[in-house]
Amino acid sequence: MKELILVRHAKSSWKDPTLRDHDRPLNKRGKRDAPEMGERLGRSGCEPDLIVSSSAVRALATARSVAGKLGYPRERIAVEERLFHAGVSELLQVIRSVDDSVDSLMLFGHNPGLTDLANHIGPREIFNMPTCVVLHLRFQADTWSAVGDVPGEEVRYDYPKRAAQ
């Protein structure tokens, strides 16, 4: 069985209009929401075998914050440039390239790609995945190459503005 935890980066700052999109940091709300979601995930027993993040500053900051709350070593976060502005096919390529010894993968990325992916591999339609959302899917599969062919079962869908669970 494979478990995929999709996380959209926390709220980013638009304060400095001279920054490239890739370089935008988290804003005050994002810096508050990311550790809160990490704590919620920790309380749920989430223990990813591998965390992979987009190289964008806001995504990597979110990944590091969540990882810290889960006890996952921040230096072990894999940074994947292909996740920045990735569509469904690119996201699936990254997921399917993960070694099958990994059973639980946490992936930090961006919209609209994550929402599109969730609708492609998940059990229900999601209109828009908000910032810092967590979508945890379980697949009855032994290999990552099956993701996208085998339907995912929703384990958890949570986001900061939702009441703590």
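These numbers come from a predicted model, not from an experiment.
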All side chain to side chain contact (heavy atoms under 4.5 Å, CB included) counterparts of Glu153, not counting sequence neighbours: Arg138, Gln140
Distance-only polar pair, side chains of Glu154 and His136, donor-acceptor under 3.5 Å: no
Trp144 and Val102, any side-chain heavy atoms less than 4.5 Å apart: yes
Reported CD1-to-CG distance for the pair Ile51 and Leu60, which is rounded to 0.5 angstrom: 10.5 Å
pair Asp21-Phe84: side-chain heavy atoms closer than 4.5 Å: yes
Pair Glu39 + Lys69, salt bridge at N-O below 4.0 Å: yes
Nearest-0.5 Å distance that lies between atom OG in Ser13 and atom NZ in Lys31: 8.0 Å
Pairwise side-chain contact, Val7 with Met106, heavy-atom cut-off 4.5 Å (strictly under): yes
Side-chain donor-acceptor contact under 3.5 Å, Ser12 with Arg24: yes
Considering all heavy atoms, the nearest Leu114-Gly109 contact: CD1-C, 3.6 Å
Atom of Ser53, atom of Ile77 and distance for their closest heavy-atom approach: CB-CG2, 4.0 Å
Within-4.5 Å side-chain heavy-atom neighbours: Phe108 and His9: no
Atom CZ of Arg82: over 12 foreign heavy atoms under 6.0 Å: yes
All ring-ring contact (aromatic ring centres under 6.0 Å, His included) counterparts of Tyr72, not counting sequence neighbours: none
Pair Ile5-Leu107, side chain to side chain contact (heavy atoms under 4.5 Å, CB included): steps then yes or no: CA-CA 6 Å; Ile5 303 138; Leu107 192 116; over 6 Å; no
Cationic N near anionic O, under 4.0 Å, Asp33 to Lys28: no
Point-to-point distance, once rounded to the nearest 0.5 Å, from CG of Leu135 to CD1 of Ile121: 7.5 Å
For the student: nearest non-hydrogen atoms of Ser145 and Arg96, plus distance: O-NE, 3.5 Å
For Asn111 against Met129, the heavy-atom pair lying closest together: ND2-O, 2.9 Å
Electrostatic pair Asp158:Arg40 at N-O distance under 4.0 angstrom: yes
